[in-house]
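Structure first, commentary second.
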Amino acid sequence: MSERDKSAATIRIAMLGAGTVGTSVAQLLARHQHDLAHRVGAGLELVGVGVRDIGKPRVGIDESLITSDLESVVHSGADILIEVMGGIEPARSLILSAMQSGSSVITANKALMAQDGAALYQAAEQYGVDLYFEAAVAGAIPLIRPLRESLAGDRVTKVMGIVNGTTNFMLTKMDEEGADYDEVFDQANALGYLEADPALDVDGIDAAAKAAILAELAFHTRVTLADVYCEGIGEVTKADIQAAREMGFVIKLLAIAELVADTGEEDGIVVRVHPAMIPLHHPLANVRGSFNAVFIHAEAGGEMMFYGRGAGGDPTASAVLGDVVAAARHRVLGGRGPGESTYSGLQVLDIGRAETRYYVNLDVQDRPGVLAAIANAFAANGVSIQVVRQDGHGVEAGLVVRTHSGSESALRATVDQLRSMDEVRQVLGVMRVEGEE
Ligand code: NAP
């Protein structure tokens with residue numbers, strides 16, 4: 001290290017959690033200490049690591065730093081506290097306490113940010129510290145900083161992405177190997193991809209937390225997990241995936257936040273997570289396995305896509321360390337990063353206000369006039385049909401309909417009407433279609 005580095009103050013770092021992410025953070029901090037010191041203008045020193053079980057082996061972390069006394073870590077006088085323990089409590093109280101003691105906070109905790117981000121932002125403001133959380137959405141992929149800073153001069157109109165690698169892995173397996181849901185669930189479980197509570201992945205809750213964080217940043221409007229419409233992948237069948245393929249589509253679990261503009265008094269945003277069919281030529285269609293990607297549309301910048309590894313120790317630690325460098329630079333040079341920006345205060349609207357397209361798979365009576373009756377049901381609700389495909393005869397008669405764009409509420413009303421018609425024996429599948437212009 002140069003004389004200048006030596007003379008600069010050391011930035012003291014404390015960390016809560018030393019599991020998958022925390023261990024990688026500690027290892028990368030040690031491995032890249034020389035480079036990081038140059039980038040920050042001061043050395044970075046890990047001064048304490050809080051865990052639950054001090055008996056567990058932690059490769060690459062000095063044993064003397066490890067403690068189960070989390071309060072002592074928080075009050076160690078660190079410049080920066082890294083929170084990579086997860087969960088709401090005690091993480092929330094410990095973060096607030098650290099901020100009160102003057103520490104800037106870096107967290108990877110999407111659940112906490114989506115549920116209680118406002119309280120954390122407020123504390124950061126009150127105590128004049130930084131709050132960064134790049135790792136909370138899409139692991140290594142730079143997404144928070146581009147939305148918060150690089151796109152701050154533009155007007156974002158839509159954010160649409162694949163932000164849960166586990167469900168993307170499962171849907172990719174179903175699509176490429178013809179596997180059914182139960183099989184891929186077991187595979188994901190065996191590989192350790194599923195959260196301890198699998199519902200967080202398969203019911204879309206993890207994706208919804210990330211959607212809330214992205215929506216808040218993109219639209220400068222407070223959005224919490226409770227505002228996000230959420231459907232998981234549990235109802236997606238092999239037949240849906242096959243039907244999608246035959247039409248040139250693939251099924252993905254999408255997180256979508258979009259501006260619903262020019263509608264008078266109720267301008268606002270809709271934030272939703274659900275499986276959707278997207279055309280095979282769409283950039284998100286090629287995001288396979290456990291990768292993540294987020295597609296952003298901004299008025300001046302146009303379309304852009306951010307793609308990479310959405311999870312894993314090192315990828316997530318990369319995002320944490322980027323935040324550490326930013327917060328450490330502020331300690332050395334003065335100043336703070338951006339705080340919460342909710343000045344737009346748009347309404348978060350019901351999913352019924354979203355504009356989308358539907359794919360509807362029907363088991364119908366095989367007799368004259370059925371097609372006309374079904375077309376009338378769509379027309380009666382103001383939904384226009386784009387493509388109809390008829391399969392089979394007799395008891396096997398099937399009809400697949402893809403609509404043009406319509407409001408979610410009109411599309412739902414159409415499906416309700418179809419369900420009540422004599423001509424329709426069963427509505428076999430309904431799925432939204434995204435990414436088609
Ligand atoms: P993990 O492997 O389960 O590690 C959690 C760590 O926190 C462990 O060291 C654990 O201690 C400690 N901990 C948890 N609860 C505690 C408590 N009540 N008291 C004391 N210590 C406690 O979790 P992870 O995968 O590293 O994830 C950490 C955070 O990063 C989460 O918020 C997660 O959502 C986020 N994240 C993870 C990934 C990823 O790929 N893993 C990606 C993006 C974001 P012990 O080791 O003693 O049990």
Side-chain angles (χ1 to χ4, degrees), residues 14-28 46 48-61 63 65-74 81-95 97-98 105-117 120 131-144 161-169 188 191-201 205-210 212-214 225 255 289-292 294 308-324:
M15 185 161 72
L16 295 174
T20 307
V21 179
T23 303
S24 283
V25 168
Q27 290 169 353
L28 291 176
L46 190 59
V49 178
V51 297
R52 195 165 15 210
D53 175 0
I54 54 168
K56 273 191 200 170
R58 323 260 172 191
V59 179
I61 307 181
E63 262 180 44
L65 298 179
I66 293 178
T67 174
S68 57
D69 179 359
L70 304 185
E71 290 291 337
S72 74
V73 174
V74 165
L81 176 81
I82 300 172
E83 185 275 306
V84 281
M85 60 191 285
I88 304 298
E89 284 294 352
R92 179 182 181 280
S93 304
L94 292 166
I95 286 176
S97 184
V105 170
I106 315 299
T107 177
N109 195 331
K110 58 225 153 194
L112 180 58
M113 285 307 298
Q115 184 176 310
D116 227 357
L120 302 192
L131 170 64
Y132 282 115
F133 49 93
E134 184 66 66
V137 182
I141 310 171
L143 198 54
I144 304 296
I162 295 167
V163 292
N164 180 276
T166 304
T167 46
N168 200 49
F169 164 83
L191 288 164
Y193 286 178
L194 285 163
E195 296 267 0
D197 175 6
L200 294 175
D201 288 314
I205 301 161
D206 170 81
K210 293 164 180 171
I213 295 170
L214 293 177
L225 178 60
S290 59
F291 276 81
N292 282 191
V294 176
R309 292 202 178 275
D314 280 358
T316 309
S318 159
V320 169
L321 285 175
D323 284 348
V324 166

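Both ligands and their constituent atoms are indexed starting at 1 by order of listing. Along the sequence shown, residues carry numbers from 1. Because the structure is predicted, anything quoted here is derived from the model rather than measured. Every heavy atom of this structure was used, including side-chain atoms; hydrogens, water molecules and symmetry mates were not.
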Measure across [X] and [Y] and return the closest heavy-atom pair with its distance rounded to 0.1 Å.
X: G139; Y: A319; answer: O-CB, 3.3 Å
X: V163; Y: A255; answer: CG2-CB, 3.8 Å
X: S72; Y: T67; answer: OG-CG2, 4.0 Å

Can you name the one residue among E83, E134, R92 that meets side-chain hydrogen bond (donor to acceptor under 3.5 Å, both in side chains) with T107? E83
Is there a side-chain contact between M15 and V73 (heavy atoms, below 4.5 Å)?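 Of all side-chain heavy-atom pairs linking V73 with M15, none is under 4.5 Å.
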Please examine the side chains of D201 and Y193, heavy atoms only from C-beta on, and report whether any two atoms are closer than 4.5 Å. no
Under 3.5 Å: N or O atoms of ligand 1 paired with protein N or O:
{"residue": "ligand 1", "atom": "2 (O)", "partner": "T20", "partner atom": "N", "Å": "2.9"}
{"residue": "ligand 1", "atom": "2 (O)", "partner": "T20", "partner atom": "OG1", "Å": "3.2"}
{"residue": "ligand 1", "atom": "9 (O)", "partner": "A18", "partner atom": "N", "Å": "2.8"}
{"residue": "ligand 1", "atom": "9 (O)", "partner": "G19", "partner atom": "N", "Å": "3.1"}
{"residue": "ligand 1", "atom": "9 (O)", "partner": "R58", "partner atom": "NH1", "Å": "3.4"}
{"residue": "ligand 1", "atom": "11 (O)", "partner": "R52", "partner atom": "N", "Å": "3.2"}
{"residue": "ligand 1", "atom": "21 (N)", "partner": "R52", "partner atom": "N", "Å": "3.1"}
{"residue": "ligand 1", "atom": "26 (O)", "partner": "T20", "partner atom": "N", "Å": "3.2"}
{"residue": "ligand 1", "atom": "26 (O)", "partner": "V21", "partner atom": "N", "Å": "2.8"}
{"residue": "ligand 1", "atom": "34 (O)", "partner": "K110", "partner atom": "NZ", "Å": "3.3"}
{"residue": "ligand 1", "atom": "40 (O)", "partner": "G312", "partner atom": "N", "Å": "2.6"}
{"residue": "ligand 1", "atom": "46 (O)", "partner": "K56", "partner atom": "NZ", "Å": "3.3"}
{"residue": "ligand 1", "atom": "46 (O)", "partner": "R58", "partner atom": "NH1", "Å": "2.6"}
{"residue": "ligand 1", "atom": "46 (O)", "partner": "R58", "partner atom": "NH2", "Å": "3.2"}
{"residue": "ligand 1", "atom": "47 (O)", "partner": "R52", "partner atom": "N", "Å": "3.0"}
{"residue": "ligand 1", "atom": "47 (O)", "partner": "D53", "partner atom": "N", "Å": "2.7"}
{"residue": "ligand 1", "atom": "47 (O)", "partner": "R58", "partner atom": "NH2", "Å": "2.9"}
{"residue": "ligand 1", "atom": "48 (O)", "partner": "K56", "partner atom": "NZ", "Å": "2.8"}

